[in-house]
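Accompanying notes for the structure given below.
When a ligand or atom number is given, it counts from 1 through the structure's own listing order.
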Amino acid sequence: MYAITGATGNTGSVIATRLLARGKKVRVIGRDARRLGDFARKGAEAVVADVTDAAALTNAFSGAQAVYAMIPPNIGAPDISAYQERVSDAMVAAITRAGVGHVALLSSVGADKPQKTGPVVGLHNFEQKLSSITGLNALYVRAGYFMQNTLAQIGVIQNFGLLGGPLRADLAVAMIAARDIGDWSAEELLRLNFSGKQARELLGQRDLTYKEVASVIGQAIDRPTLSYSQLPPALVKPALLQAGMSTNVADLILEMSEALNSGYMAPLEPRSAQNTTPTSFETFVAEEFVPRFKEKAAVS
Ligand SMILES: NC(=O)c1ccc[n+]([C@@H]2O[C@H](COP(=O)([O-])OP(=O)(O)OC[C@H]3O[C@@H](n4cnc5c(N)ncnc54)[C@H](OP(=O)(O)O)[C@@H]3O)[C@@H](O)[C@H]2O)c1
């Protein structure tokens, strides 16, 4: 049996769906039984557990041969690092008490660094905690920058007619579709042949700059001159707060952006067939960005 945290989310839902389709026993974990209902109808066992609740997670993980672990985003947290530590402590306690043998953790490029990478420090610390569990087989899935992050540009385009953000326009970023992380992780969970503690980077189909992101989106929404401007932190921060982030989360997102811009936070592996995944940014834009863009345009 597999226990999947974040089962209604971008990556967990793909994993749960794939494992169920292969006839595996799956326990889906989330905060709301109704949101887990689709999986329950497909034969999964739905368990309501908060990721900060070690006792509820122990119950959710008991009997699982493998767990998909993640720290759900919490953009309004007044102290995101404290929240991340609470989650990783609870998960580690539950993994240990339930005697789970294999864990795939959704981590990030840059999780090799102990500091100065914003919210990715919490993933570094989670990896370290799992590494201290004797006998556990753990796979740290160090994913690149989610293509989904570009969905935040929909409002910017609609309000200002351009894309804007803290990253350098010419910075080549390994961008990945969340579904590729889910598909890849599901296959690793099905094979279960990872042992000891291993980190694997997943870098998406190719590296893209935000200049190219603007060009691909511009073609797809029929605004071929759409451009991207790097904005100073003093302009980005109010926009992040406006989007619902706490001051602390906004500051750490800016710290992470600086780490990306300077090259401090970057993949360790050269691109290869092993860390390249199939979904192109063009496909993501056609299948996810454009429908969301049109939906938002229709209501505004
Ligand atoms: N964005 C990036 O570029 C990037 C890059 C690398 C790594 N990452 C990492 O990816 C992770 C996010 O992955 P994702 O996009 O798959 O997540 P996601 O789509 O936001 O899904 C998270 C799920 O967790 C559940 N959840 C939220 N709070 C919870 C709580 N307190 N207790 C139990 N469940 C809770 C939610 O389900 P319910 O609402 O049903 O409870 C939600 O569907 C983060 O750890 C992030 O650091 C992100």
[X] heavy atoms, cut-off 4.0 Å: which ligand 1 atoms fall inside?
{"X": "Leu123", "answer": "47 (O)"}
{"X": "Gly6", "answer": "23 (C), 24 (O)"}
{"X": "Thr11", "answer": "16 (O)"}
{"X": "Gly144", "answer": "5 (C), 6 (C)"}
{"X": "Ala49", "answer": "32 (N), 33 (C)"}
{"X": "Tyr145", "answer": "3 (O)"}
{"X": "Leu106", "answer": "10 (O), 11 (C), 13 (O)"}
{"X": "Pro73", "answer": "12 (C), 17 (O), 20 (O)"}

**Q.** Whether Ala143 lies under 4.0 Å from ligand 1, heavy atom
**A.** yes

Which residue owns the protein heavy atom closest to [atom], what's the atom, and how far is it?
{"atom": "atom 39 (O) of ligand 1", "answer": "Arg31 NH2, 2.7 Å"}
{"atom": "atom 43 (O) of ligand 1", "answer": "Thr8 OG1, 2.7 Å"}
{"atom": "atom 21 (O) of ligand 1", "answer": "Gly9 CA, 3.3 Å"}
{"atom": "atom 8 (N) of ligand 1", "answer": "Phe146 CZ, 3.6 Å"}

Q) Which is it for Ser107 and ligand 1 at heavy atoms under 4.0 Å: side chain, backbone, both or neither? A) backbone

Q. Of all residues at least two apart in sequence or in a different chain, which pass the side chain to side chain contact (heavy atoms under 4.5 Å, CB included) check with Asp89?
A. Lys129

Q.
Please evaluate residues Phe281 and Thr150 with respect to the criterion side chain to side chain contact (heavy atoms under 4.5 Å, CB included), reporting the C-alpha separation (whole Å), side-chain torsions for both, the decisive distance (0.1 Å), and the verdict.
A. CA-CA 10 Å; Phe281 189 64; Thr150 65; 3.9 Å; yes

Q. Would a 4.0 Å cut-off, counted as strictly less than, catch a protein heavy atom around atom 46 (C) of ligand 1?
A. no

Q. In a check of side-chain contact (heavy atoms from CB on, under 4.5 Å) between Thr283 and each of Met147, Glu288, Arg179, Gln205, which one passes?
A. Arg179

Q) So which of Leu20, Ile29, Leu19 actually passes side-chain contact (heavy atoms from CB on, under 4.5 Å) with Ile4? A) Leu19

**Q.** Residues Leu151, Phe284; criterion side chain to side chain contact (heavy atoms under 4.5 Å, CB included); working and verdict
**A.** CA-CA 10 Å; Leu151 294 172; Phe284 164 79; 4.0 Å; yes

Would you say [X] has any N or O atom under 3.5 Å from an N or O of ligand 1, going by distance alone?
{"X": "Met70", "answer": "no"}
{"X": "Ile71", "answer": "yes"}
{"X": "Pro72", "answer": "no"}
{"X": "Asn10", "answer": "yes"}
{"X": "Asp50", "answer": "yes"}

(Q) Main chain of Ala56, side chain of Asp50: is a donor-acceptor contact present, judged purely on distance under 3.5 Å? (A) no

Q. Between the side chain of Gln230 and the main-chain N/O of Pro166, is any donor-acceptor distance below 3.5 Å?
A. yes

Validation row: [X], [Y] side chains within 4.5 angstrom (heavy atoms):
{"X": "Arg271", "Y": "Asp207", "result": "yes"}
{"X": "Phe61", "Y": "Thr96", "result": "no"}
{"X": "Asp170", "Y": "Lys211", "result": "no"}

Q) Got a sec, which residues hit ring pair (Phe, Tyr, Trp, His ring centres under 6.0 Å) with Tyr228, two or more places apart in sequence or on another chain? A) Tyr210

Q. Which of these, Val51, Leu202, Asn149, has its nearest heavy atom closest to atom 1 (N) of ligand 1?
A. Asn149

Q: Examine Lys116 relative to Tyr264 and say whether NZ or CZ is less than 6.0 Å from the centre of the six-membered ring and inside a 45° cone about the ring axis.
A: no

(Q) If you apply the rule salt bridge (Lys or Arg N to Asp or Glu O under 4.0 Å), what do you find for Arg142 with Glu269, and how did you get there? (A) CA-CA 11 Å; Arg142 291 185 180 164; Glu269 301 173 10; over 6 Å; no

